[in-house]
Trainee: 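Right, I'll just put the structure down here and ask away after.
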Amino acid sequence: MSSYFTDLAQQYIDGEWRPGTGSWDIIDFNPYDNEKLASITIATVDEVDAAYRAAERAQRQWAATNPYARRAVFEKALRLVEEREAEIGEAIVAELGGTRLKAAFELHLAKEFLREAVHLALAPEGRIIPSPVDGKENRVYRVPVGVVGVISPFNFPFLLSLKSVAPALALGNAVVLKPHQNTPIVGGTLVAKILEDAGLPGGLLNVVVTDIAEIGDAFIEHPVPKVISFTGSDKVGRHVATACAANFKRSVLELGGNSALVVLDDADVDYAVDAAVFSRFVHQGQVCMAANRVLVDRAVADEFTEKFVAKVSGLKVGDPRDPSTVIGPVINSSQADALSGVVEQALAEGATALVRGSVTDNLVEPSVLTGLPADSALLRQEVFGPVAFLVPFDGEEEAVRLVNDTPYGLSGAVHTGDVERGVNFAKRIDTGMFHVNDGTVHDEPIVPFGGEKHSGLGRLNGDTMLDAFTTQKWISVQHGRSGFPF
């Protein structure tokens, strides 16, 4: 077991590693074998306050630090991740049941986002804007918002914590990070340790491992943070947005999805099968961009279905430490129970199971269902696990209607032999992202990432990080003398 789980099972506040003072512990389990990895006494409201106050104290000097010096911290952090890649990968496998493939995928993206943070340190630029008043000079400065609160999820915790934490810090802010209770090390204290070792001054990044049962809304309602960056479910995201609005904070919300992968009648069926299987079953389907629904034109439905079922049936389920495992455990037993319930509900509604996987502890084998009634709620909600719904359609118009018939609008993909047909199809879909002749699961460091409808507010990555974590300040200079009417 990685030493991370013994060394980093603490709170990290104001540059100090210390135990929480709450009355109970969060127990960190390996979801595959239920081995106890760590026990962390939770942070209280007082510690959340201490973390935000430390961030507030440290931030002004950090914002005044030469951006080239800030940049050096992220250059060092990148080198440390590269040096420690093997042990970080082991921690991903242990704490969240990620397969070896998934751990490598997450680490690859994490390094790319750290490279982008290096560039972001130098990205803010001011402007001089003309004035209708003689002698007036209008300067517009890009300045840090101050302190950012980050709430990260359990599915890609290392990546999705870094994805907000690193840019916010690079742009001159301080951060308080609250990782998910199921991934407190990989999504929280490990990030702090890497940045501490990279030379980030104490107080600029604080990690509080806690639970809303203990702190309520203290993390998001605290007066210090000006922006809350939240990644998680739309139900919780709605609450975060409401609390932020009531307290005049900005929220950046990366929420759930119900993405569709669409196979048109001129698609390369074999390639579409490969894309669909990856898009549904990568990391056990616990991905916001995963293809919940696979929509197939009836002209190719029989061929696609036969090949899709055959490929899914061959996916190896089991120990994520085994390099040949494709599907490891879901994050916890409540998630496994919920997925069993989804399959039972679908069958009760009249669906046919082309593949029906069994559930053993947190190992949920893949299921492929078809024939769900068109009005089924299951076709409109997010299913966070290895359950695929195959939906036949007749022609492009029906496909567009079905893809859009959901409250979500995160990602999606379409397969066709005509790229421009695919692009025109994509333009008609109400999503923040859509991919032609590819999978539904993509993230790149300089492309705007985010969703429409219930899938979120705002964008992350590249230049959009400036919108998320800085604000604009107008300073005017009157070089002559203004004339006043009285």
Side-chain angles (χ1 to χ4, degrees), residues 256-281 285 287-312 346 349-352 354 368-383 387-442 447-455:
N258 179 19
S259 300
L261 186 141
V262 182
V263 185
L264 297 180
D265 55 5
D266 61 348
D268 177 334
V269 171
D270 290 326
Y271 177 59
V273 166
D274 290 346
V277 172
F278 176 82
S279 298
R280 174 64 277 191
F281 297 106
V287 184
C288 56
M289 297 170 279
N292 276 239
R293 301 167 293 154
V294 180
L295 276 54
V296 188
D297 193 291
R298 286 189 199 275
V300 293
D302 288 348
E303 180 189 359
F304 179 92
T305 301
E306 180 183 346
K307 291 177 175 177
F308 183 81
V309 166
K311 190 172 180 75
V312 171
E349 291 179 6
T352 299
L354 303 175
V368 178
L369 302 161
T370 192
L372 263 175
D375 61 354
S376 173
L378 294 174
L379 291 173
R380 290 163 184 83
Q381 70 188 51
E382 180 174 43
V383 177
V387 180
F389 299 128
L390 287 183
V391 181
F393 63 85
D394 294 299
E396 233 176 283
E397 291 302 318
E398 185 180 14
V400 169
R401 181 182 62 77
L402 291 172
V403 175
N404 285 331
D405 187 14
T406 172
Y408 297 98
L410 188 58
S411 185
V414 61
H415 280 252
T416 169
D418 180 343
V419 166
E420 292 309 318
R421 181 187 185 193
V423 171
N424 288 328
F425 184 94
K427 287 177 178 177
R428 301 174 66 192
I429 307 302
D430 301 327
T431 57
M433 307 173 284
F434 209 83
H435 309 286
V436 178
N437 291 339
D438 210 338
T440 62
V441 179
H442 295 283
V447 181
F449 181 101
E452 298 296 321
K453 302 192 283 190
H454 290 195
S455 288

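By convention here, the first residue in the shown sequence is residue 1.
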Trainee: For residues Asn258 and Leu379, report the shortest heavy-atom separation together with the two atoms involved.
Mentor: ND2-O, 2.8 Å

Trainee: Report the C-alpha separation of Val403 and Val262 in whole Å, then their side-chain angles, then the decisive distance to 0.1 Å, and conclude whether the side-chain contact (heavy atoms from CB on, under 4.5 Å) test is met.
Mentor: CA-CA 8 Å; Val403 175; Val262 182; 3.5 Å; yes

Trainee: Could you grab the distance from atom NZ of Lys307 to atom CG of Asp274, nearest 0.5 Å is fine?
Mentor: 10.0 Å

Trainee: Give, for atom NE2 of His454 and atom CD of Gln381, the distance between the pair rounded to the nearest 0.5 Å.
Mentor: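 Taking NE2 in His454 and CD in Gln381, the distance rounds to 13.5 Å.
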
Trainee: Do the side chains of Phe393 and Asp265 get nearer than 4.5 Å, heavy atoms only?
Mentor: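 Sidechains of Phe393 and Asp265: no contact.
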
Trainee: With a 4.5 Å heavy-atom cut-off, do His415 and Asn437 have their side chains touching?
Mentor: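 Contact flag for His415/Asn437 side chains = yes.
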
Trainee: Is the number of heavy atoms from other residues, nucleotides or ligands under 6.0 Å of Asp394 CG greater than 12?
Mentor: yes

Trainee: Is the backbone N or O of Ser411 less than 3.5 Å from a side-chain atom of Thr440, with the two atoms forming a donor-acceptor pair by type?
Mentor: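 Such a contact is absent between Thr440 side chain and Ser411 backbone.
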
Trainee: Does a side-chain heavy-atom distance below 4.5 Å link Ile429 with Val400?
Mentor: yes

Trainee: Check whether any side-chain heavy atom of His442 lies under 4.5 Å from a side-chain heavy atom of Met433, and answer yes or no.
Mentor: no

Trainee: Do the side chain of Ser455 and the main chain of Gly256 share a donor and acceptor less than 3.5 angstrom apart?
Mentor: yes

Trainee: Run the side-chain contact (heavy atoms from CB on, under 4.5 Å) check on Val312 and Val277 step by step: do they pass?
Mentor: CA-CA 7 Å; Val312 171; Val277 172; 4.0 Å; yes

Trainee: Can you see which heavy atom on Phe389 is nearest to which on Leu378, and at what distance?
Mentor: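 What the structure gives for the nearest pair is CE1-O, 3.6 Å.
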
Trainee: Is there a donor-acceptor pair closer than 3.5 Å between any side-chain N or O of Glu382 and the backbone N or O of Gly257?
Mentor: yes

Trainee: Using modelled atom types only, decide if a donor and an acceptor are shared between the side chain of Asn404 and the backbone of Asp430 within a distance under 3.5 Å.
Mentor: yes

Trainee: Is the shortest heavy-atom distance from the side chain of Leu354 to the side chain of Leu390 under 4.5 Å?
Mentor: yes

Trainee: At their closest point, which heavy atom of Ala399 faces which heavy atom of Leu295, and how far apart are they?
Mentor: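 Closest approach of Ala399 to Leu295, heavy atoms only: O-CD2, 4.0 Å.
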
Trainee: Measure the spacing between CD of Glu396 and OG1 of Thr416 and express it to the nearest 0.5 Å.
Mentor: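 If I round to the nearest 0.5 Å, the distance is 7.5 Å.
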
Trainee: Identify the heavy atoms of Val269 and Phe304 that sit nearest to each other, and give their distance.
Mentor: CG1-CA, 3.8 Å

Trainee: According to the interplanar angle, ranging from 0 to 90°, do the rings of Phe434 and Phe425 count as parallel (below 30°), tilted (30 to 60°) or perpendicular (above 60°)?
Mentor: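 If you compare the ring of Phe434 with that of Phe425, the planes turn out tilted.
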
Trainee: Which atom names give the shortest non-hydrogen contact between Gly439 and Ala413, and what distance separates them?
Mentor: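 Smallest heavy-atom distance, with atoms named: O-CB, 3.7 Å.
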
Trainee: Is the shortest heavy-atom distance from the side chain of Asp302 to the side chain of Glu306 under 4.5 Å?
Mentor: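 Not touching, per the 4.5 Å side-chain cut-off.
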
Trainee: Please report the closest heavy-atom contact between Val300 and Val296, naming both atoms and the distance.
Mentor: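 Distance-wise, the nearest heavy atoms are CG2-CG1, 3.8 Å.
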
Trainee: To the closest 0.5 Å, what do you measure between NZ (Lys453) and OG1 (Thr431)?
Mentor: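 Taking NZ in Lys453 and OG1 in Thr431, the distance rounds to 8.5 Å.
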
Trainee: I'd like to know if the side chain of Arg380 reaches the main chain of Pro407, judged simply by a donor and an acceptor atom lying under 3.5 Å from each other, with no hydrogens or angles considered.
Mentor: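 Looks like no, no N/O pair under 3.5 Å.
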
Trainee: Quick one: do Met289 and Phe449 satisfy side-chain contact (heavy atoms from CB on, under 4.5 Å)? Show the steps, please.
Mentor: CA-CA 11 Å; Met289 297 170 279; Phe449 181 101; 3.5 Å; yes

Trainee: Taking it one step at a time, do Arg421 and Asp266 satisfy side-chain contact (heavy atoms from CB on, under 4.5 Å)?
Mentor: CA-CA 10 Å; Arg421 181 187 185 193; Asp266 61 348; 3.0 Å; yes

